[in-house]
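For reference, positions follow the sequence shown, starting with 1. Note that the coordinates shown come from a computational prediction; the quantities given were computed from them, not determined experimentally. Side chains included, hydrogens not; waters and symmetry mates left out as well; all remaining heavy atoms used.
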Amino acid sequence: MTVTIPHQYHFPDIGDQEIASLGVPFAFVSVFDHWLTEAECVATNLFTYRNAFKANQLQDYLAGERKFLALYNHLGNAGAIVNCPGVLRSINSASSEFQRILRRSLREALFMDIYILRDMGCASSEILTAPM
């Protein structure tokens, strides 16, 4: 299904304070065991696919990438909506296309928003935003 109305109409860009005030659970996720300082971000070669490749640390990067893919696959087991490129459409999180979209976004080849549908055991689903 293709939705031609801009995704901002359906999913406005709101900040952490507004999300918290709505009672919507959210979390920041890092592949590292702690939040990196600015100096650590600059120093690490594992922050991006390109830097890891250039530094011959691709296997370490891919280990972290697999963790993110597993998380998104688990979160998206009830389905997901993506804007790739720029048009909202539903996608099966178990599909190879969803995996490709996630990898391209994680590797900074193409940024997009992924909206995770969470099965609430009723007729409707809760939508969690996962900006990429």
Within this structure, what is the [atom1]-[atom2] distance for the pair [X] and [Y], rounded to the nearest 0.5 Å?
| X | Y | atom1 | atom2 | result |
| --- | --- | --- | --- | --- |
| C41 | F32 | SG | CZ | 7.0 Å |
| F68 | S105 | CZ | OG | 10.5 Å |
| N45 | D60 | CG | CG | 10.0 Å |
| I101 | S93 | CD1 | OG | 11.5 Å |

On a heavy-atom basis, which atom in [X] and which in [Y] lie closest, and how many Å separate them?
| X | Y | answer |
| --- | --- | --- |
| L106 | Y61 | O-OH, 3.2 Å |
| Y49 | L62 | CE1-CD2, 4.4 Å |
| N92 | F98 | O-CB, 3.4 Å |

Q | Polar side-chain atom of Q99 near backbone of N73 as donor-acceptor pair, under 3.5 Å | A | no
In the structure I gave you, are the side-chain heavy atoms of [X] and [Y] within less than 4.5 Å of one another anywhere?
| X | Y | value |
| --- | --- | --- |
| I81 | I91 | no |
| V42 | F47 | no |
| T48 | F53 | no |

Q) Has H74 got more than 12 heavy atoms of other residues, nucleotides or ligands less than 6.0 Å from its NE2? A)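 Counting neighbours around NE2 of H74, 12 or fewer heavy atoms of other residues, nucleotides or ligands fall under 6.0 Å, so no.
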Q.
Going by salt bridge (Lys or Arg N to Asp or Glu O under 4.0 Å), name the residues that satisfy it together with R103, two or more places apart in sequence or in a different chain.
A.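 R103 satisfies salt bridge (Lys or Arg N to Asp or Glu O under 4.0 Å) with E65 only.
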Q) Going by the salt bridge (Lys or Arg N to Asp or Glu O under 4.0 Å) test, which pairs reach into residues 32-55, not counting sequence neighbours? A) none
